[in-house]
Amino acid sequence: MTATTPEQTIADARERIDALDDRIIGLIQERVAVSAVVQQTRIASGGRRVHLSRENEILSHYSEALGKAGTTLAMTLLELSRGRI
């Protein structure tokens, strides 16, 4: 059995973080695309571009799961998905 050096442990962990970041970015891009479909469909059917009660549900979901930082993350995701309001 070979002992892993701290440097190798850090390098391995950073490689894993980079892979996770790539997956997260891909998921965000997918979320933005799906949100665009919802928004376009809502507007085409006479609805408003932004549905505030739905956004509040998303904010609550992220806040409950991740705390205050989750709210900030959710706000960023909403802005990426629908633009600034």
Side-chain angles (χ1 to χ4, degrees):
M1 183 181 227
T2 341
T4 304
T5 65
E7 293 81 11
Q8 187 59 51
T9 299
I10 290 168
D12 291 346
R14 285 181 175 163
E15 188 176 310
R16 177 100 170 102
I17 287 170
D18 291 345
L20 288 167
D21 285 343
D22 288 342
R23 287 174 50 200
I24 291 166
I25 290 167
L27 288 170
I28 291 169
Q29 291 169 330
E30 183 178 350
R31 187 194 192 287
V32 168
V34 171
S35 181
V37 170
V38 170
Q39 198 174 92
Q40 291 164 1
T41 304
R42 193 171 44 240
I43 290 169
S45 65
R48 303 177 79 188
R49 182 173 72 89
V50 176
H51 193 250
L52 294 178
S53 64
R54 174 63 179 147
E55 289 198 0
N56 284 331
E57 289 174 16
I58 293 165
L59 290 168
S60 292
H61 181 71
Y62 275 79
S63 177
E64 289 169 13
L66 302 171
K68 185 178 178 183
T71 303
T72 303
L73 177 59
M75 289 297 295
T76 300
L77 287 171
L78 290 169
E79 185 176 327
L80 284 168
S81 296
R82 51 112 166 99
R84 289 186 178 262
I85 54 171

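Just so you know, these numbers come straight off a predicted model, no measurement behind them.
- Remark: L73 CG to K68 NZ distance equals 14.5 Å, nearest 0.5 Å.
- Rounded to the nearest 0.5 Å, atoms CG (L77) and CD1 (I58) are 9.0 Å apart.
- Panel note: side chain S63, backbone L59; no donor-acceptor pair is recorded below 3.5 Å.
- Across every non-hydrogen atom of G70 and Y62, the tightest pair is O-CB, 3.2 Å.
- Taking CE from M75 and CG from L80, the interatomic distance works out to 11.5 Å, rounded to the nearest 0.5 Å.
- By the criterion of side-chain heavy atoms lying less than 4.5 angstrom apart, applied directly or through intervening Ile, Leu, Val, Met, Phe, Trp or Tyr residues, V34 is not grouped with I28; the two fall into different hydrophobic clusters.
- Evaluation of the salt bridge (charged side-chain N to carboxylate O under 4.0 Å, His left out) test over residues 45-58, restricted to residues two or more places apart or in two chains, returns R54-E57, E55-R82.
- Counting only residues at least two apart or in different chains, salt bridge (charged side-chain N to carboxylate O under 4.0 Å, His left out) contacts with residues 15-41 are absent.
- For I25, the side chain to side chain contact (heavy atoms under 4.5 Å, CB included) partners at least two apart in sequence or on another chain are Q29.
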- prompt: What's the verdict on side chain to side chain contact (heavy atoms under 4.5 Å, CB included) for T76 and L78, showing C-alpha distance, side-chain angles and the deciding distance?
  reply: CA-CA 5 Å; T76 300; L78 290 169; over 6 Å; no
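- Closest non-hydrogen pair, T41 versus V37, comes out as OG1-O, 2.7 Å.
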